[in-house]
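This report concerns only the one structure given below.
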Amino acid sequence: MADVRLLLPEPEAGWAAWLGEVFRRLSDAFGPRHWWPSALAPAPAKAGPLEMIAGAILVQNVAWTNAEKAVRALAEAGLLDVAALHAAPVEKIEVLIRPAAYFRQKARRLKELAAHVTARHGGELAAMLRQPLADLRAELLALKGIGPETADCILCYAAGLPVMAMDAYTRRIFSRVGLFDPGVRYGEMQAFFHAHLPEDPDLRGEFHALIDALGNRLCRKREPRCAECPLRDLCGRVGVDADAGS
DNA sequence: GTCCGGGTGA
DNA sequence: TCACCCGGAC
């Protein structure tokens with residue numbers, strides 16, 4: 001994998017310290033995000049890995065509020081279970097997950113996932129998730145409906161592996177900051193974060209969740225709210241939109 | 001009522 | 001490059 005081309009000069013204290021500062025600021029502003037487990041039931045009820053994985057597929061291209069409705073509907077129908085999901089008619093799943101958009105595609109993808117786990121792992125999701133990182137990632141990517149971001153979310157939040165998922169927010173935020181070229185590839189961004197962050201699944205998972213919060217609430221595609229941004233003084237692009245012409 | 005945002009696969 | 005789709009923002 002080619003090294004990413006960085007636009008910002010490396011700070012004197014190094015990239016690890018710079019990322020640590022970014023994390024601390026986001027954490028102070030938005031944390032803790034407590035993404036998974038516990039998306040559904042109140043603690044101490046434990047969310048199963050299928051809830052997390054289904055959520056990761058259902059949240060593609062939609063706000064979490066949409067995905068959450070779909071996950072809750074699946075839970076209430078007793079379908080957050082590999083065998084039940086495998087046995088359920090696709091039409092039934094379509095109706096339940098409608099709020100998550102792309103419901104026809106996603107219903108088929110959920111069933112394909114259940115079929116795969118049934119065929120290859122005896123229906124035991126835990127067995128699939130116990131594999132070494134590279135093997136599990138390749139297996140996930142071979143499934144329809146699981147691309148790099150979804151695979152990495154599953155690796156981190158369901159399998160507990162030290163992987164930081166990238167997404168459109170990561171690309172937007174860090175290209176606005178001036179770190180990456182906007183055309184930076186997924187793997188290039190990820191390699192940069194992985195090279196300079198501790199190999200800690202909790203930290204990497206929380207970082208991704210914090211970036212999601214910033215991208216969602218403040219560093220929006222249009223009309224970013226730079227005045228409220230905790231990274232304001234680290235950013236090369238503060239107020240480019242808001243202050244244009246002033 | 002219209003538009004916007006957003007991963008994946010073909 | 002485009003199809004797949006919804007809820008929320010305006």
Side-chain angles (χ1 to χ4, degrees), chain A residues 30 33 35-36 39-40 50-77 79 90-117 136-159 163-176 180 182-190 193 204-205 207-229 237 241-242:
Chain A
F30 303 118
R33 305 302 305 148
W35 263 18
W36 280 297
L40 265 194
L50 187 55
E51 180 203 317
M52 186 274 135
I53 296 172
I57 290 172
L58 292 168
V59 79
Q60 290 166 4
N61 271 351
V62 299
W64 173 245
T65 52
N66 296 39
E68 191 175 22
K69 287 175 191 165
V71 174
R72 179 163 286 118
L74 288 176
E76 286 167 0
L79 294 184
V90 69
E91 297 81 8
K92 178 176 179 181
I93 300 172
E94 288 180 1
V95 173
L96 293 169
I97 68 170
R98 223 177 159 105
Y102 310 102
F103 57 91
R104 278 182 273 262
Q105 290 191 117
K106 288 177 179 177
R108 279 155 185 79
R109 290 164 178 184
L110 289 173
K111 277 194 69 70
E112 285 174 25
L113 170 71
H116 173 84
V117 175
L136 178 55
R137 191 170 197 271
E139 187 172 320
L140 290 169
L141 288 175
L143 292 170
K144 298 264 194 294
I146 299 184
E149 178 182 343
T150 306
D152 289 336
C153 284
I154 293 169
L155 291 169
C156 181
Y157 301 105
V163 174
M164 184 167 159
M166 302 290 108
D167 62 5
Y169 296 144
T170 315
R171 177 176 285 102
R172 183 163 73 230
I173 289 166
F174 289 94
S175 59
R176 281 181 174 168
F180 299 140
V184 65
R185 312 255 286 232
Y186 184 99
E188 293 175 329
M189 288 193 290
Q190 188 178 53
F193 283 95
R204 292 181 176 192
F207 208 167
H208 172 70
L210 289 167
I211 287 169
D212 176 276
L214 179 65
N216 209 328
R217 303 180 195 187
L218 303 180
C219 199
R220 306 177 303 183
K221 193 166 185 177
R222 298 180 318 140
E223 300 179 35
R225 301 182 178 172
C226 299
E228 303 164 53
C229 183
R237 192 179 179 280
D241 293 353

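The basis for the numbers below is simple: all heavy atoms, side chains too, and nothing from hydrogens, waters or symmetry mates. Below, read A as the first sequence line, B as the second, and so on, with proteins coming before strands; counting in each chain starts at 1.
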Just to verify, what does A:Arg217 make a salt bridge (charged side-chain N to carboxylate O under 4.0 Å, His left out) with, not counting sequence neighbours?
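Result, salt bridge (charged side-chain N to carboxylate O under 4.0 Å, His left out) vs A:Arg217: none returned.
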Do other residues, nucleotides or ligands put more than 12 heavy atoms under 6.0 Å from the CZ atom of A:Arg171?
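Correct, the count exceeds 12.
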Sugar-phosphate, base or nothing in reach of [X], heavy atoms under 4.0 Å:
X: A:Arg171; result: nothing
X: A:Leu143; result: sugar-phosphate
X: A:Tyr169; result: sugar-phosphate
X: A:Glu149; result: sugar-phosphate
X: A:Lys144; result: sugar-phosphate

Whether A:Lys106 side chain and A:Gln60 backbone form a donor-acceptor pair below 3.5 Å:
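Checked: pair present.
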Looking at A:Gln190 and A:Met164, would you say the former's side chain and the latter's main chain have a donor-acceptor pair under 3.5 Å?
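Yes, because the side chain of A:Gln190 sits within donor-acceptor range (under 3.5 Å) of the backbone of A:Met164.
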Pair A:Arg108, A:Lys144 - check side-chain contact (heavy atoms from CB on, under 4.5 Å), show working.
CA-CA 9 Å; A:Arg108 279 155 185 79; A:Lys144 298 264 194 294; over 6 Å; no
Show me the donor-acceptor pairs within less than 3.5 Å that the side chains of residues 52-59 of chain A make with the rest of the protein, sequence neighbours left out.
none

Using the 3.5 Å cut-off, write out each protein N or O paired with an N or O of nucleotides 7-10 of chain C and the distance between them.
unit_1: C:dG7; atom_1: O4'; unit_2: A:Asn66; atom_2: OD1; d: 3.4
unit_1: C:dG7; atom_1: O4'; unit_2: A:Asn66; atom_2: ND2; d: 2.9

Quick one: side chain to side chain donor-acceptor pair (under 3.5 Å) partners of A:Asn61, sequence neighbours excluded?
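If we apply the side chain to side chain donor-acceptor pair (under 3.5 Å) test to A:Asn61, skipping adjacent residues, the hits are A:Tyr102.
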Both A:Gly215 and A:Gly145 contact DNA chain B. Taking the nearest nucleotide for each, which residue is further toward the 5' end?
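First, find each residue's nearest nucleotide; the 5'-ward one identifies A:Gly215.
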Determine if A:Tyr102 stacks with C:dC4; use a centre-to-centre distance below 5.5 Å and an interplanar angle below 30° as the criteria.
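Here A:Tyr102 fails the 5.5 Å or the 30° condition.
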Looking at residues 53-62 of chain A, who's got a heavy atom less than 4.0 Å off DNA chain C?
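When residues 53-62 of chain A is checked for heavy atoms under 4.0 Å from DNA chain C, there are no hits whatsoever.
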Watson-Crick and G-U pairing of DNA chain C, under 3.5 Å, as dot-bracket with | and [ ]
||||||||||
Suppose we screen for ring-ring contact (aromatic ring centres under 6.0 Å, His included). Which residues come up paired with A:Phe103, at least two apart in sequence or across chains?
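Expected list: none.
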Identify, with sequence neighbours excluded, every residue that meets ring-ring contact (aromatic ring centres under 6.0 Å, His included) alongside A:Phe207.
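With sequence neighbours excluded, A:Phe207 shows a ring-ring contact (aromatic ring centres under 6.0 Å, His included) to A:Phe23, A:Phe193, given in chain and number order.
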Just the endpoints, please: which first and last nucleotides of DNA chain B, 5' to 3', lie under 4.0 Å from a heavy atom of chain A?
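The footprint of chain A covers B:dC4 to B:dA10.
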Which residues pass the side-chain contact (heavy atoms from CB on, under 4.5 Å) test with A:Ala63, sequence neighbours left out?
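A:Thr65, A:Asn66.
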For A:Arg185, all residues meeting side-chain contact (heavy atoms from CB on, under 4.5 Å), sequence neighbours excluded
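Here the qualifying residues are A:Glu188.
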Worked verdict on A:Leu74 versus A:Leu50 for side-chain contact (heavy atoms from CB on, under 4.5 Å):
CA-CA 11 Å; A:Leu74 288 176; A:Leu50 187 55; over 6 Å; no
Pairs where residues 147-159 of chain A contributes a residue and the test salt bridge (charged side-chain N to carboxylate O under 4.0 Å, His left out) is met, not counting sequence neighbours
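For residues 147-159 of chain A: A:Arg137-A:Asp152.
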